[in-house]
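Single-structure report; data block below.
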Amino acid sequence: MNSFESAQEILKNAVIYFKDQPIGTVASSDSRLEAVNYSHCFVRDFFPGALVFLMQGDYGIVKNFLATMQGLQAQQTTMEGHKRAPGLMPASFKIKYKEGREELRADFGERAIGRVAPVDSAMWWMILLALYSKISGDQSLRENDDFQTSIKEILDLYLKESFETSPAMLVPDGCFMIDRRMGVYGHPLEIQALLFAMLRCSKYLLLDKNENHLILAMVEKRLQALRSYMRIYYWLDKDALNKIHRFRSEEFGLDVENVLNIFPESIPAWLDGWMDEECGYLVGNLGAGRMDFRFFALGNLLSILFDVLSEQQSQMIMNLYQRNWQGLVGEMPAKIVYPALVDQEWALLTGCDAKNAPWSYHNGGNWPVLLWTLVAASIQTGREDIAQSALDIAERRLQKDNWPEYYDGKAGSLVGRRANYCQNWTCSAYLLAYKWVHEKKTRSILQDLKFSL
Ligand code: GLC
(Lines give C-alpha, C1' and ligand atoms only; values in the text may rest on other atoms or scores of the structure.)
Protein backbone atom coordinates (compact mmCIF):
# COMPACT_ATOMS: atom_id res chain seq x y z
CA MET A 1 0.00 0.00 0.00
CA ASN A 2 1.43 3.41 -0.89
CA SER A 3 1.23 6.49 1.33
CA PHE A 4 -1.82 7.87 -0.42
CA GLU A 5 -3.78 4.63 -0.07
CA SER A 6 -2.72 4.23 3.53
CA ALA A 7 -3.85 7.77 4.47
CA GLN A 8 -7.11 7.28 2.63
CA GLU A 9 -7.80 4.05 4.44
CA ILE A 10 -7.15 5.55 7.87
CA LEU A 11 -9.42 8.47 7.12
CA LYS A 12 -12.15 6.16 5.90
CA ASN A 13 -11.95 4.04 9.04
CA ALA A 14 -12.03 7.14 11.22
CA VAL A 15 -15.53 8.10 10.11
CA ILE A 16 -18.10 8.00 12.89
CA TYR A 17 -21.73 7.17 12.31
CA PHE A 18 -24.77 8.41 14.15
CA LYS A 19 -28.04 6.67 13.35
CA ASP A 20 -26.20 5.07 10.44
CA GLN A 21 -25.22 8.42 8.94
CA PRO A 22 -21.57 9.57 8.69
CA ILE A 23 -21.19 12.74 10.77
CA GLY A 24 -17.46 13.31 11.26
CA THR A 25 -14.17 11.60 12.08
CA VAL A 26 -12.39 10.79 15.34
CA ALA A 27 -9.23 12.80 16.00
CA SER A 28 -7.04 9.72 16.17
CA SER A 29 -7.62 6.06 15.37
CA ASP A 30 -4.68 4.94 17.49
CA SER A 31 -5.77 1.91 19.48
CA ARG A 32 -3.44 2.72 22.36
CA LEU A 33 -4.79 6.18 23.04
CA GLU A 34 -3.58 7.89 26.19
CA ALA A 35 -6.10 10.71 26.35
CA VAL A 36 -9.76 9.79 25.97
CA ASN A 37 -10.70 12.92 24.09
CA TYR A 38 -8.90 11.83 20.92
CA SER A 39 -11.87 9.59 20.22
CA HIS A 40 -13.95 12.76 19.88
CA CYS A 41 -14.64 14.50 16.61
CA PHE A 42 -12.90 17.90 16.91
CA VAL A 43 -14.14 20.72 14.75
CA ARG A 44 -10.71 22.02 13.83
CA ASP A 45 -9.39 18.50 13.19
CA PHE A 46 -12.27 17.69 10.89
CA PHE A 47 -11.74 20.76 8.72
CA PRO A 48 -8.94 19.37 6.48
CA GLY A 49 -10.81 16.04 6.36
CA ALA A 50 -13.90 17.93 5.23
CA LEU A 51 -11.88 19.49 2.41
CA VAL A 52 -10.84 15.99 1.32
CA PHE A 53 -14.48 14.87 1.32
CA LEU A 54 -15.62 17.98 -0.57
CA MET A 55 -12.92 17.45 -3.19
CA GLN A 56 -14.07 13.86 -3.67
CA GLY A 57 -17.67 14.96 -4.08
CA ASP A 58 -18.53 13.21 -0.79
CA TYR A 59 -20.87 15.94 0.34
CA GLY A 60 -23.08 13.94 2.70
CA ILE A 61 -20.64 13.63 5.60
CA VAL A 62 -19.86 17.35 5.50
CA LYS A 63 -23.52 18.27 5.42
CA ASN A 64 -24.27 15.96 8.35
CA PHE A 65 -21.34 17.35 10.31
CA LEU A 66 -22.52 20.93 9.79
CA ALA A 67 -26.04 20.05 10.84
CA THR A 68 -24.82 18.06 13.86
CA MET A 69 -22.74 20.96 15.09
CA GLN A 70 -25.61 23.37 14.60
CA GLY A 71 -27.84 21.13 16.69
CA LEU A 72 -25.23 20.73 19.41
CA GLN A 73 -25.10 24.47 20.09
CA ALA A 74 -28.09 23.95 22.38
CA GLN A 75 -26.11 21.60 24.64
CA GLN A 76 -23.99 24.37 26.07
CA THR A 77 -24.27 24.48 29.83
CA THR A 78 -23.98 27.73 31.74
CA MET A 79 -22.12 28.44 34.89
CA GLU A 80 -24.02 29.82 37.81
CA GLY A 81 -24.37 33.56 37.53
CA HIS A 82 -23.61 33.53 33.80
CA LYS A 83 -25.68 33.85 30.69
CA ARG A 84 -25.43 31.38 27.85
CA ALA A 85 -23.43 32.64 24.85
CA PRO A 86 -25.62 31.30 22.06
CA GLY A 87 -23.00 31.77 19.33
CA LEU A 88 -20.44 29.47 20.92
CA MET A 89 -19.81 26.10 19.30
CA PRO A 90 -18.27 23.05 20.93
CA ALA A 91 -14.63 22.07 20.50
CA SER A 92 -15.60 18.46 19.95
CA PHE A 93 -18.34 15.90 20.29
CA LYS A 94 -18.63 12.16 20.70
CA ILE A 95 -21.25 9.46 20.45
CA LYS A 96 -22.28 7.96 23.78
CA TYR A 97 -24.27 4.79 24.24
CA LYS A 98 -26.92 4.99 26.92
CA GLU A 99 -29.22 2.04 27.53
CA GLY A 100 -28.55 0.81 24.04
CA ARG A 101 -29.33 4.17 22.47
CA GLU A 102 -26.92 6.47 20.68
CA GLU A 103 -26.55 10.01 21.97
CA LEU A 104 -24.34 12.91 21.02
CA ARG A 105 -22.42 14.70 23.69
CA ALA A 106 -20.66 17.98 23.00
CA ASP A 107 -17.75 19.51 24.88
CA PHE A 108 -17.63 23.29 25.12
CA GLY A 109 -14.45 23.22 27.14
CA GLU A 110 -16.15 22.19 30.37
CA ARG A 111 -14.40 18.80 30.24
CA ALA A 112 -11.39 19.74 28.13
CA ILE A 113 -7.92 19.58 29.63
CA GLY A 114 -7.36 22.97 31.26
CA ARG A 115 -11.02 23.91 30.66
CA VAL A 116 -10.20 26.01 27.61
CA ALA A 117 -12.96 27.71 25.61
CA PRO A 118 -12.94 26.79 21.90
CA VAL A 119 -13.11 30.24 20.33
CA ASP A 120 -12.01 28.91 16.93
CA SER A 121 -14.81 26.29 16.57
CA ALA A 122 -17.65 28.52 15.40
CA MET A 123 -15.28 30.21 12.97
CA TRP A 124 -14.14 26.93 11.38
CA TRP A 125 -17.79 25.87 11.24
CA MET A 126 -18.89 29.00 9.42
CA ILE A 127 -16.01 28.82 6.94
CA LEU A 128 -16.87 25.19 6.24
CA LEU A 129 -20.54 26.01 5.82
CA ALA A 130 -19.68 28.60 3.18
CA LEU A 131 -17.31 26.22 1.38
CA TYR A 132 -19.86 23.43 1.46
CA SER A 133 -22.61 25.64 0.04
CA LYS A 134 -20.35 26.99 -2.67
CA ILE A 135 -18.80 23.71 -3.76
CA SER A 136 -21.78 21.37 -3.49
CA GLY A 137 -24.25 23.95 -4.81
CA ASP A 138 -26.67 22.83 -2.08
CA GLN A 139 -28.11 25.99 -0.52
CA SER A 140 -30.57 24.20 1.75
CA LEU A 141 -28.44 24.50 4.90
CA ARG A 142 -27.50 28.12 4.34
CA GLU A 143 -31.09 29.13 3.66
CA ASN A 144 -32.53 27.19 6.57
CA ASP A 145 -33.97 29.45 9.32
CA ASP A 146 -32.12 27.71 12.14
CA PHE A 147 -28.83 28.08 10.31
CA GLN A 148 -29.50 31.75 9.62
CA THR A 149 -30.16 32.20 13.34
CA SER A 150 -26.92 30.42 14.24
CA ILE A 151 -24.93 32.57 11.83
CA LYS A 152 -26.39 35.72 13.36
CA GLU A 153 -25.79 34.49 16.91
CA ILE A 154 -22.18 33.75 16.07
CA LEU A 155 -21.73 37.20 14.57
CA ASP A 156 -23.38 38.76 17.61
CA LEU A 157 -20.99 36.99 19.93
CA TYR A 158 -17.84 37.57 17.90
CA LEU A 159 -18.55 41.21 17.12
CA LYS A 160 -19.81 42.09 20.57
CA GLU A 161 -18.02 45.01 22.18
CA SER A 162 -15.99 44.08 25.23
CA PHE A 163 -12.79 45.85 26.18
CA GLU A 164 -11.38 46.42 22.70
CA THR A 165 -9.09 49.21 21.62
CA SER A 166 -8.31 47.74 18.20
CA PRO A 167 -10.13 45.82 15.44
CA ALA A 168 -8.45 42.59 16.63
CA MET A 169 -10.38 40.16 18.81
CA LEU A 170 -9.49 39.64 22.48
CA VAL A 171 -9.43 36.01 23.70
CA PRO A 172 -8.09 33.84 26.55
CA ASP A 173 -5.03 31.58 26.40
CA GLY A 174 -5.21 28.28 24.51
CA CYS A 175 -8.52 28.83 22.73
CA PHE A 176 -7.49 27.51 19.27
CA MET A 177 -5.17 24.85 17.82
CA ILE A 178 -2.76 25.59 20.65
CA ASP A 179 -5.17 24.57 23.38
CA ARG A 180 -2.88 24.81 26.38
CA ARG A 181 -1.30 27.71 28.13
CA MET A 182 1.44 29.05 25.85
CA GLY A 183 1.35 32.81 26.35
CA VAL A 184 -1.16 33.07 23.50
CA TYR A 185 -3.88 35.05 25.28
CA GLY A 186 -4.80 38.52 24.08
CA HIS A 187 -4.88 38.97 20.32
CA PRO A 188 -3.26 35.84 18.86
CA LEU A 189 -2.72 35.89 15.13
CA GLU A 190 -4.54 32.65 14.29
CA ILE A 191 -7.78 33.95 15.81
CA GLN A 192 -7.53 37.16 13.80
CA ALA A 193 -6.98 35.28 10.53
CA LEU A 194 -9.98 33.04 11.27
CA LEU A 195 -12.10 36.04 12.21
CA PHE A 196 -11.29 37.70 8.92
CA ALA A 197 -12.26 34.58 6.95
CA MET A 198 -15.41 34.04 8.98
CA LEU A 199 -16.58 37.62 8.43
CA ARG A 200 -15.97 37.27 4.74
CA CYS A 201 -17.95 34.05 4.67
CA SER A 202 -20.81 35.66 6.55
CA LYS A 203 -21.29 38.09 3.65
CA TYR A 204 -21.94 35.11 1.45
CA LEU A 205 -24.01 33.19 3.96
CA LEU A 206 -26.42 35.77 5.31
CA LEU A 207 -29.50 36.18 3.18
CA ASP A 208 -29.95 39.51 1.47
CA LYS A 209 -32.84 40.72 3.61
CA ASN A 210 -33.57 44.13 5.09
CA GLU A 211 -33.08 42.88 8.62
CA ASN A 212 -29.52 41.77 7.75
CA HIS A 213 -28.33 45.01 6.21
CA LEU A 214 -27.14 46.61 9.42
CA ILE A 215 -25.08 43.62 10.48
CA LEU A 216 -23.67 43.25 6.97
CA ALA A 217 -22.58 46.88 7.00
CA MET A 218 -20.81 46.29 10.33
CA VAL A 219 -19.14 43.18 8.97
CA GLU A 220 -17.83 45.12 5.98
CA LYS A 221 -16.36 47.90 8.15
CA ARG A 222 -14.75 45.43 10.54
CA LEU A 223 -13.25 43.49 7.64
CA GLN A 224 -11.58 46.56 6.24
CA ALA A 225 -10.34 47.73 9.63
CA LEU A 226 -9.06 44.30 10.62
CA ARG A 227 -7.23 43.79 7.36
CA SER A 228 -5.43 47.14 7.50
CA TYR A 229 -4.62 46.63 11.17
CA MET A 230 -3.07 43.22 10.49
CA ARG A 231 -1.20 44.40 7.41
CA ILE A 232 0.30 47.34 9.26
CA TYR A 233 0.63 46.53 12.95
CA TYR A 234 1.19 42.77 12.94
CA TRP A 235 3.57 42.98 10.00
CA LEU A 236 7.28 42.64 10.66
CA ASP A 237 10.03 42.93 8.09
CA LYS A 238 13.50 44.38 8.22
CA ASP A 239 12.28 47.96 7.87
CA ALA A 240 9.63 47.55 10.52
CA LEU A 241 12.13 45.91 12.85
CA ASN A 242 14.56 48.78 12.43
CA LYS A 243 11.80 51.21 13.21
CA ILE A 244 10.77 49.33 16.35
CA HIS A 245 14.41 49.08 17.41
CA ARG A 246 14.52 52.89 17.51
CA PHE A 247 11.01 53.40 18.93
CA ARG A 248 10.54 56.03 21.59
CA SER A 249 8.26 54.94 24.38
CA GLU A 250 5.72 56.68 26.64
CA GLU A 251 4.18 58.63 23.78
CA PHE A 252 0.81 60.06 24.69
CA GLY A 253 -1.80 61.31 22.22
CA LEU A 254 -3.42 60.45 18.95
CA ASP A 255 -0.63 61.03 16.45
CA VAL A 256 2.09 58.86 17.87
CA GLU A 257 4.26 56.29 16.15
CA ASN A 258 4.58 53.71 18.90
CA VAL A 259 0.87 53.38 19.60
CA LEU A 260 1.13 50.21 21.69
CA ASN A 261 4.11 51.42 23.67
CA ILE A 262 6.35 48.57 22.59
CA PHE A 263 9.72 48.67 24.28
CA PRO A 264 12.59 48.07 21.84
CA GLU A 265 14.37 46.09 24.56
CA SER A 266 11.74 43.38 24.10
CA ILE A 267 13.08 42.48 20.63
CA PRO A 268 14.58 39.00 21.08
CA ALA A 269 18.20 38.42 20.12
CA TRP A 270 17.40 35.67 17.59
CA LEU A 271 15.67 38.20 15.30
CA ASP A 272 18.86 40.02 14.46
CA GLY A 273 19.95 38.58 11.11
CA TRP A 274 16.99 36.20 10.84
CA MET A 275 15.35 38.05 7.92
CA ASP A 276 16.81 39.63 4.84
CA GLU A 277 15.11 42.49 2.90
CA GLU A 278 12.86 40.11 1.04
CA CYS A 279 11.37 38.36 4.06
CA GLY A 280 8.64 39.27 6.48
CA TYR A 281 5.84 37.78 8.59
CA LEU A 282 2.98 38.58 10.91
CA VAL A 283 3.94 38.58 14.58
CA GLY A 284 2.16 36.17 16.90
CA ASN A 285 0.34 38.64 19.14
CA LEU A 286 -0.07 42.31 19.87
CA GLY A 287 -1.18 44.22 22.93
CA ALA A 288 -0.24 47.04 25.23
CA GLY A 289 3.54 46.99 25.59
CA ARG A 290 3.54 43.58 24.01
CA MET A 291 4.68 42.32 20.65
CA ASP A 292 5.09 38.56 20.60
CA PHE A 293 7.81 38.15 17.99
CA ARG A 294 7.44 34.38 17.69
CA PHE A 295 6.55 33.06 14.24
CA PHE A 296 3.28 31.11 14.38
CA ALA A 297 2.90 29.01 11.24
CA LEU A 298 -0.85 28.52 11.08
CA GLY A 299 -1.75 32.18 11.58
CA ASN A 300 0.72 33.24 8.89
CA LEU A 301 -0.29 30.59 6.38
CA LEU A 302 -4.02 31.16 6.90
CA SER A 303 -3.48 34.88 6.41
CA ILE A 304 -2.08 34.08 2.97
CA LEU A 305 -4.86 31.61 2.16
CA PHE A 306 -7.70 33.81 3.36
CA ASP A 307 -6.44 36.84 1.47
CA VAL A 308 -5.63 38.96 4.51
CA LEU A 309 -2.25 40.02 3.11
CA SER A 310 -1.05 41.87 0.08
CA GLU A 311 0.59 39.86 -2.69
CA GLN A 312 3.98 41.23 -1.71
CA GLN A 313 3.57 40.32 1.94
CA SER A 314 2.51 36.79 1.03
CA GLN A 315 5.61 36.40 -1.12
CA MET A 316 7.77 37.67 1.73
CA ILE A 317 6.43 34.97 4.07
CA MET A 318 7.19 32.32 1.46
CA ASN A 319 10.71 33.77 1.12
CA LEU A 320 11.09 33.40 4.87
CA TYR A 321 10.18 29.72 4.57
CA GLN A 322 12.65 29.24 1.77
CA ARG A 323 15.53 30.95 3.55
CA ASN A 324 14.85 29.51 6.99
CA TRP A 325 13.82 26.07 5.80
CA GLN A 326 15.87 24.27 8.43
CA GLY A 327 14.26 26.18 11.27
CA LEU A 328 10.68 26.40 9.99
CA VAL A 329 10.37 23.00 8.28
CA GLY A 330 13.44 20.88 9.00
CA GLU A 331 12.61 17.19 8.79
CA MET A 332 8.82 17.51 8.89
CA PRO A 333 6.56 20.27 7.62
CA ALA A 334 6.05 22.32 9.60
CA LYS A 335 7.06 23.90 12.88
CA ILE A 336 4.01 25.19 14.75
CA VAL A 337 5.90 28.06 16.36
CA TYR A 338 9.45 29.33 16.10
CA PRO A 339 11.44 29.53 18.29
CA ALA A 340 10.52 27.49 21.37
CA LEU A 341 10.11 29.04 24.80
CA VAL A 342 12.99 27.93 27.02
CA ASP A 343 14.08 28.14 30.65
CA GLN A 344 12.41 30.84 32.72
CA GLU A 345 10.21 31.93 29.83
CA TRP A 346 8.94 28.37 29.39
CA ALA A 347 8.28 28.10 33.12
CA LEU A 348 6.41 31.39 33.30
CA LEU A 349 4.42 31.27 30.09
CA THR A 350 3.43 27.58 30.07
CA GLY A 351 3.17 27.14 33.83
CA CYS A 352 5.91 24.44 33.62
CA ASP A 353 3.90 22.30 31.18
CA ALA A 354 6.03 19.19 30.63
CA LYS A 355 4.21 18.23 27.42
CA ASN A 356 5.15 21.64 26.06
CA ALA A 357 8.84 21.26 26.88
CA PRO A 358 11.11 23.26 24.54
CA TRP A 359 10.92 22.01 20.92
CA SER A 360 8.07 19.65 21.68
CA TYR A 361 4.30 19.59 21.00
CA HIS A 362 2.91 23.14 20.87
CA ASN A 363 6.18 24.66 21.98
CA GLY A 364 8.18 24.34 18.79
CA GLY A 365 7.14 20.85 17.70
CA ASN A 366 6.56 20.01 14.03
CA TRP A 367 2.97 19.23 13.04
CA PRO A 368 2.27 17.38 9.80
CA VAL A 369 -1.26 18.81 9.73
CA LEU A 370 0.37 22.12 8.78
CA LEU A 371 1.34 20.53 5.48
CA TRP A 372 -2.01 21.38 3.94
CA THR A 373 -1.72 25.08 4.72
CA LEU A 374 1.95 25.25 3.71
CA VAL A 375 1.32 23.54 0.37
CA ALA A 376 -1.83 25.58 -0.27
CA ALA A 377 -0.06 28.87 0.50
CA SER A 378 2.88 27.86 -1.72
CA ILE A 379 0.59 27.08 -4.62
CA GLN A 380 -1.42 30.25 -4.14
CA THR A 381 1.73 32.32 -4.30
CA GLY A 382 3.09 30.40 -7.29
CA ARG A 383 5.89 28.78 -5.27
CA GLU A 384 5.56 25.28 -6.67
CA ASP A 385 9.08 24.34 -5.59
CA ILE A 386 8.21 24.90 -1.93
CA ALA A 387 5.00 22.89 -2.26
CA GLN A 388 6.90 20.02 -3.85
CA SER A 389 9.73 20.00 -1.29
CA ALA A 390 7.29 20.05 1.62
CA LEU A 391 5.36 17.13 0.19
CA ASP A 392 8.56 15.17 -0.55
CA ILE A 393 9.79 15.53 3.02
CA ALA A 394 6.45 14.51 4.51
CA GLU A 395 6.20 11.57 2.14
CA ARG A 396 9.50 10.12 3.28
CA ARG A 397 8.34 9.79 6.87
CA LEU A 398 4.62 9.84 7.50
CA GLN A 399 3.56 6.37 6.48
CA LYS A 400 6.71 4.78 7.86
CA ASP A 401 6.10 6.52 11.19
CA ASN A 402 2.40 5.55 11.18
CA TRP A 403 0.95 9.05 10.70
CA PRO A 404 1.91 10.67 14.00
CA GLU A 405 0.29 13.74 15.48
CA TYR A 406 3.50 15.72 15.92
CA TYR A 407 7.30 15.53 15.92
CA ASP A 408 9.83 16.76 18.48
CA GLY A 409 13.24 18.38 18.28
CA LYS A 410 14.72 21.51 16.80
CA ALA A 411 14.81 19.86 13.39
CA GLY A 412 11.60 17.92 13.97
CA SER A 413 13.29 14.58 13.41
CA LEU A 414 11.79 12.67 16.37
CA VAL A 415 8.29 11.25 16.54
CA GLY A 416 6.58 13.27 19.29
CA ARG A 417 7.16 11.75 22.73
CA ARG A 418 3.46 11.54 23.48
CA ALA A 419 2.14 11.78 19.92
CA ASN A 420 -0.74 9.55 18.86
CA TYR A 421 -0.38 7.46 15.75
CA CYS A 422 -3.00 7.40 12.99
CA GLN A 423 -3.85 11.03 13.67
CA ASN A 424 -6.54 11.90 11.21
CA TRP A 425 -5.71 15.46 10.38
CA THR A 426 -2.16 14.29 9.61
CA CYS A 427 -3.66 11.92 7.02
CA SER A 428 -6.06 14.53 5.63
CA ALA A 429 -3.31 17.13 5.30
CA TYR A 430 -1.18 14.69 3.37
CA LEU A 431 -4.07 13.73 1.07
CA LEU A 432 -4.79 17.40 0.31
CA ALA A 433 -1.14 18.26 -0.31
CA TYR A 434 -0.72 15.25 -2.56
CA LYS A 435 -3.80 16.09 -4.63
CA TRP A 436 -2.93 19.76 -5.05
CA VAL A 437 0.64 19.00 -6.09
CA HIS A 438 -0.25 16.19 -8.49
CA GLU A 439 -3.70 17.04 -9.83
CA LYS A 440 -3.98 20.66 -10.87
CA LYS A 441 -7.72 20.48 -11.38
CA THR A 442 -8.24 19.94 -7.65
CA ARG A 443 -6.77 23.36 -6.93
CA SER A 444 -9.97 25.29 -7.52
CA ILE A 445 -10.85 24.87 -3.84
CA LEU A 446 -7.90 27.15 -3.03
CA GLN A 447 -9.64 29.99 -4.85
CA ASP A 448 -12.84 29.20 -2.95
CA LEU A 449 -10.95 29.55 0.34
CA LYS A 450 -10.29 33.21 -0.42
CA PHE A 451 -13.95 34.08 -0.42
CA SER A 452 -13.17 37.32 -2.18
CA LEU A 453 -16.72 38.00 -3.23
C1 GLC B 1 -4.56 18.68 20.72
C2 GLC B 1 -4.36 19.88 19.79
C3 GLC B 1 -5.67 20.38 19.28
C4 GLC B 1 -6.43 19.26 18.60
C5 GLC B 1 -6.59 18.07 19.54
C6 GLC B 1 -7.17 16.86 18.86
O7 GLC B 1 -5.24 19.06 21.87
O8 GLC B 1 -3.68 20.91 20.45
O9 GLC B 1 -5.45 21.46 18.39
O10 GLC B 1 -7.66 19.71 18.16
O11 GLC B 1 -5.33 17.69 20.06
O12 GLC B 1 -6.33 16.40 17.85
Side-chain angles (χ1 to χ4, degrees), residues 10-11 14-16 24-30 32-51 65 69 89-94 106-125 127-128 171-185 188-191 193-194 296-299 301-302 334-337 340-341 350-351 353-357 360-373 398 402-408 415-430:
I10 295 171
L11 185 65
V15 171
I16 48 177
T25 51
V26 291
S28 156
S29 320
D30 190 340
R32 294 151 300 173
L33 280 182
E34 263 187 43
V36 285
N37 58 343
Y38 284 105
S39 60
H40 284 221
C41 174
F42 281 78
V43 183
R44 68 177 80 87
D45 293 46
F46 183 66
F47 189 85
L51 297 188
F65 169 84
M69 286 288 296
M89 285 216 162
S92 65
F93 62 83
K94 74 170 297 176
D107 177 51
F108 287 82
E110 71 275 20
R111 288 185 194 84
I113 299 165
R115 302 288 184 264
V116 284
V119 178
D120 64 341
S121 281
M123 303 201 276
W124 284 118
W125 178 84
I127 298 166
L128 188 60
V171 297
D173 218 332
C175 64
F176 51 101
M177 177 181 177
I178 296 181
D179 57 2
R180 296 162 88 98
R181 197 177 148 197
M182 265 282 288
V184 289
Y185 58 90
L189 175 63
E190 186 176 320
I191 288 289
L194 285 169
F296 286 83
L298 191 53
L301 295 169
L302 289 180
K335 195 149 294 294
I336 188 167
V337 52
L341 298 168
T350 72
D353 184 343
K355 196 165 174 184
N356 273 338
S360 183
Y361 200 47
H362 297 143
N363 186 15
N366 293 39
W367 288 66
V369 62
L370 296 171
L371 184 64
W372 82 265
T373 43
L398 286 179
N402 201 12
W403 309 96
E405 179 187 14
Y406 67 95
Y407 285 77
D408 284 344
V415 173
R417 180 166 287 152
R418 290 171 59 191
N420 303 314
Y421 295 113
C422 299
Q423 188 78 13
N424 280 301
W425 64 1
T426 298
C427 298
S428 309
Y430 171 76

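Throughout, numbering of the chain's residues begins at 1 and tracks the sequence. Read the numbers this way: they start at 1 and go in the same order the structure lists the ligands and their atoms.
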If the cut-off is 4.0 Å to any non-hydrogen atom of Q423, which atoms of ligand 1 fall inside it?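 Going through ligand 1 atom by atom, the ones under 4.0 Å from Q423 are 12 (O).
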
Need the ligand 1 atom indices (1-based, order shown) with element for anything under 4.0 Å from a heavy-atom of H362.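 Reading through ligand 1 atom by atom, the close ones are 2 (C), 8 (O).
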
Give me the ring orientation class for W367 and Y406: parallel if the planes are under 30° apart, tilted from 30 to 60°, perpendicular past 60°.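 Parallel: the ring planes of W367 and Y406 meet at under 30°.
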
Run the side chain to side chain contact (heavy atoms under 4.5 Å, CB included) check on F93 and M69 step by step: do they pass? CA-CA 8 Å; F93 62 83; M69 286 288 296; 4.0 Å; yes

List the steps and the verdict of side chain to side chain contact (heavy atoms under 4.5 Å, CB included) for V337 and H362. CA-CA 7 Å; V337 52; H362 297 143; 6.0 Å; no

Grab the two heavy atoms, one from L371 and one from Y430, that are nearest each other, plus how far apart they are.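 Taking L371 first and Y430 second, the nearest heavy atoms are CD2-CA, 3.9 Å.
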
Over all heavy atoms of both residues, which pair between Y421 and D30 is shortest? Give the atoms and the distance, please.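 Heavy-atom minimum between the residues: N-OD2, 2.8 Å.
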
N or O contact, W425 vs ligand 1, cut-off under 3.5 Å: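 No, no N or O pair falls under 3.5 Å.
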
Considering both backbone and side-chain atoms of M177, is one of its nitrogen or oxygen atoms within less than 3.5 Å of a nitrogen or oxygen in ligand 1?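 M177 vs ligand 1: N/O contact under 3.5 Å present.
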
Of all the non-hydrogen atoms in the protein, which one sits nearest to atom 4 (C) of ligand 1, and at what distance?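 Result for atom 4 (C) of ligand 1: D45 OD1, 3.4 Å.
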
Tell me the protein heavy atom at minimum distance from atom 7 (O) of ligand 1, and give that distance in Å.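 Its nearest protein heavy-atom neighbour is D179 OD2, 2.7 Å.
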
Would you indicate which of Y38, F42, F176 comes nearest to atom 11 (O) of ligand 1 when only heavy atoms are counted?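 The residue whose heavy atom sits nearest atom 11 (O) of ligand 1 is Y38.
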
Taking atom types as modelled and ignoring hydrogens, do the side chains of D45 and T25 form a donor-acceptor contact shorter than 3.5 angstrom?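 Short answer, no.
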
Going by side-chain contact (heavy atoms from CB on, under 4.5 Å), M182 matches just one of D353, I336, L341. Which one?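 Passing option: L341.
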
Between Y361 and ligand 1, which part of the residue brings a heavy atom under 4.0 Å of the ligand: side chain, backbone, both or neither?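 The part of Y361 near ligand 1 is the side chain, not the backbone.
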
Contact between H40 and ligand 1, counting heavy atoms under 4.0 Å?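 H40: no contact with ligand 1 (<4.0 Å).
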
So is R180 close enough to ligand 1, meaning a heavy atom under 4.0 angstrom away?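 In this structure, R180 fails to qualify as a contact of ligand 1 - no heavy atom is under 4.0 Å.
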
